Chemist: 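Input: one structure, supplied below.
Order of the sequence lines sets the chain letters (A, B, ...), proteins ahead of strands, with each chain counted from 1. Keep in mind the model is a prediction, meaning the values are calculated, not measured.
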Protein chains: 2
Amino acid sequence: MPRNARRTTLADIAQAAGVSVATVSKVVNDRGDVAPRTRARVQELLHQHHYLAPVFRHTESVEGPTIEVQFKGGLKSYVAETLEGIIDSAAESGASVVISRASRAPHWARDLVSAGRRAVIAITSVYTTTHLNELARAGLPLVVLDPLHLPDNRVNSVGATNFAGGLAATQHLLSLGHRRIAYLGGPTMAVCNQARMHGYRAAMEAQGAPVRDAYVRPGEFTYETGLLGAVALLDLEEPPTAIFAGNDEIALGAMEAARTRGLRIPEDLSVVGFDDTSLAQMASPPLTTVRQPLREMGGAALRTALRLANGEKVESHHIELATELVVRASTAPPRGATSAHR
Amino acid sequence: MPRNARRTTLADIAQAAGVSVATVSKVVNDRGDVAPRTRARVQELLHQHHYLAPVFRHTESVEGPTIEVQFKGGLKSYVAETLEGIIDSAAESGASVVISRASRAPHWARDLVSAGRRAVIAITSVYTTTHLNELARAGLPLVVLDPLHLPDNRVNSVGATNFAGGLAATQHLLSLGHRRIAYLGGPTMAVCNQARMHGYRAAMEAQGAPVRDAYVRPGEFTYETGLLGAVALLDLEEPPTAIFAGNDEIALGAMEAARTRGLRIPEDLSVVGFDDTSLAQMASPPLTTVRQPLREMGGAALRTALRLANGEKVESHHIELATELVVRASTAPPRGATSAHR
DNA sequence: CTGAAAGCGCTTACAG
DNA sequence: CTGAAAGCGCTTACAG
């Protein structure tokens, strides 16, 4: 709002609506005794004039809008790095970031609105139709980061080019001369996992490399999935010479499985991760991985959230940022092979 | 505040102070034309009666107090895990957590107060006397996590038993039969680093093991410090057989340095970390480390912050939680030695 | 430096 | 279902 513009008062709205201040007050406070049509007209005007109840004025004027970031499960590197992007973008825009675990108490969306939040950003959260309805009723915009579900056009989301990333990771291994490449992935239901896996399949098929059923194992995006999955893969009669992991944590689990078998990385087994969290740089050997621009994704989510909070329209309900293969020391040609290309 | 108790009004304060409502209003709004003594008396009463200006009421009533958590540098595992503890404790208490990078704009403390924050928790932040004065003037309580400076009794802080942790880590290595043990630490100025280092020295001296100057290297709490420091140590004429690292990141850097030299862990070199972040569990081999109860420390900091925000006194201005050695696979007896004790 | 008085924005009990 | 009127909590221009 312009610096000198007087703030909209109930009297302004009353005048515009041709009703008394008392009636407008009742609408604002959700009292029952207002005719539906009057209520609707007044609500429309309140919205048009950006009326803000006194209790909310403080938040708005002093600190700019507040955005709620919700995550589910642990505050892992993936979440932390995305959050860092959100925080830095918010600082640039003068917005505040409240962080909490996703909760599904009754009326949670309405509670967030009354607590002054202007939008929600969800990292690693699941949203059902019920939740979306609750948000819509509360008038609270939602931006989902790396959605687990298929983009619904009622939801705004920010992701990365997972298919292209899966393709690049697998092509890298193929170009090193690997043919027996396994995919150790996340949940079958997660679209990001599906896209990575199909990128892997596409690369394999393009090269005429067979994808055996036993080489594709879904799981969770966790270290345990990597550890157990890799043990199972290495137990196969014809074990893979390379593993493409659905994320960095899975890759680290796979590396540890190899180590306990006395296999060296990358000499005996190549491993590629996904995300390029700080875990990848600090692994030993440093992990070849597909970089997701997590900070940029966080920044994009924050800016989208602010625009929606402002009532602006957004060009597209889904934005996808580019992934990039980062080659480090966990990949090499397979034992005894001479590198196919380079 | 009790559910039925009427909220304190300016009239209540005016009556208690024996002045007019107008005068109290002036004090609340920091206008100049009030006698210093009158102002002081009124301020005292406002505080005693927990008077809240209308603009702040919303925050308080709907969502409970808001605590600002500030960090400096990256949102690393150490910070993320502590933050997780803060978030979960806040959820239990009905408090909200705003997260931001430490900023030192003029009047930052006053701005935080006007933005409705009731306390600040600082992770990995440096506070000078100037900052403390600014906080004091704004009436904003501060809790520092794992303070870099010596506990000042104007500051409330939460830490861990760093000396005992350094002692336990070193004793573990000594008991495996190591004598040539190096300490690869963080900043010389950081008290937590000093305590860990003196724990190391104490254990060495108790065992009659010499501490060579070249074996004690300060640095930053980063992977690079570990990588470069370990390279330098391994280049010594008599390299150490074990490295005690000031935190997990340094330990991972040291592990990578060993790997690039063709040394195996723990056969050729033992490494112990500090913190027990998720990095330690996911390292390959999994890292023996000194656990700091980061989530519990975060919880303790949040609860202290809430009590201070409430105007309650706190028993001690510094709380220290216990560390614990977690033995994993990165430590073993030195090459060719038979384990001294067990 | 203080406070009586006017006034602002809002809410609510009540008459119609 | 509506609004005139009383009232609440607060602020401010101004007289003393």
Chemist: Return no unless some side-chain N or O of B/Ser25 is found under 4.0 Å from OP1 or OP2 of D/dC10.
Modeler: no
Chemist: Taking atom types as modelled, find out whether A/Arg303 and A/Ser93 have a side-chain donor-acceptor pair closer than 3.5 angstrom.
Modeler: no
Chemist: Between P on C/dT11 and NZ on A/Lys26, what's the gap in Å once rounded to a whole number?
Modeler: 12 Å
Chemist: Are A/Tyr51 and A/Asp12 side-chain neighbours, meaning at least one heavy-atom pair lies under 4.5 Å?
Modeler: no
Chemist: A/Val120 pairs by side-chain contact (heavy atoms from CB on, under 4.5 Å) with which of A/Val144, A/Val98, A/Leu140, A/Leu308?
Modeler: A/Leu140
Chemist: Determine the interatomic distance between C1' on C/dG3 and the same-named atom on C/dG7; round to the nearest Å.
Modeler: 16 Å
Chemist: Indicate whether OP1 or OP2 belonging to C/dG9 is found under 4.0 Å from a side-chain N or O atom of A/Tyr51.
Modeler: no
Chemist: Between A/Ser96 and B/Arg117, do the side chains contain an N or O donor and an N or O acceptor separated by less than 3.5 Å?
Modeler: yes
Chemist: Taking the same atom, P, in C/dA6 and in C/dT2, what whole-Å distance lies between them?
Modeler: 22 Å
Chemist: Taking only heavy atoms on the protein side, list every residue of residues 13-21 of chain A lying under 4.0 Å from any atom of DNA chain D, sorted numerically.
Modeler: A/Val19, A/Ser20
Chemist: Using 0.5 Å steps for rounding, measure from the OG1 atom of B/Thr23 to the CZ atom of B/Arg41.
Modeler: 10.0 Å
Chemist: If I take atom CG in residue A/Leu10 and atom P in nucleotide C/dG9, what distance separates them, rounded to the nearest angstrom?
Modeler: 9 Å
Chemist: When you check the phosphate oxygens OP1 and OP2 of C/dT2, does a side-chain N or O of B/Thr23 lie under 4.0 Å from one of them?
Modeler: no
Chemist: Expressed as a whole number of angstroms, how long is the span from B/Arg31:CZ to D/dA13:C1'?
Modeler: 10 Å
Chemist: Please report the distance separating the P of D/dA13 from the corresponding atom of D/dG9, rounded so that it comes out in whole Å.
Modeler: 23 Å
Chemist: Show me, range against range, the stems involving DNA chain C, built from at least 3 consecutive Watson-Crick or G-U pairs below 3.5 Å.
Modeler: C:1-3 with D:14-16, C:5-12 with D:5-12, C:14-16 with D:1-3
Chemist: Kindly determine whether B/Asp88 and A/Arg101 satisfy salt bridge (charged side-chain N to carboxylate O under 4.0 Å, His left out), including the steps that lead there.
Modeler: CA-CA 8 Å; B/Asp88 290 338; A/Arg101 271 186 212 279; 2.6 Å; yes
Chemist: Between atom CG in A/Asp33 and atom C1' in C/dG16, what is the gap in whole Å?
Modeler: 14 Å
Chemist: Between B/Leu145 and B/Met297, is any pair of side-chain heavy atoms under 4.5 Å apart?
Modeler: yes
Chemist: Quick one: A/Arg37 CZ to D/dT2 C1', roughly how many Å, whole number?
Modeler: 15 Å
Chemist: Report the C-alpha distance between A/Leu46 and A/Val24 in whole Å, list the side-chain angles of each, state the deciding distance to 0.1 Å, and finish with yes or no for side chain to side chain contact (heavy atoms under 4.5 Å, CB included).
Modeler: CA-CA 9 Å; A/Leu46 286 165; A/Val24 179; 4.3 Å; yes
Chemist: Look at the side-chain N and O atoms of B/Thr38 and state whether any lies under 4.0 Å from the OP1 or OP2 oxygen of C/dT2.
Modeler: yes
Chemist: The side chain of A/Ala22 is closest to which nucleotide in this list: C/dC1, D/dT11, D/dG3?
Modeler: D/dG3
Chemist: Would you say the side chain of A/Ile121 lies within less than 4.5 Å of the side chain of A/Phe71, judging by non-hydrogen atoms?
Modeler: no
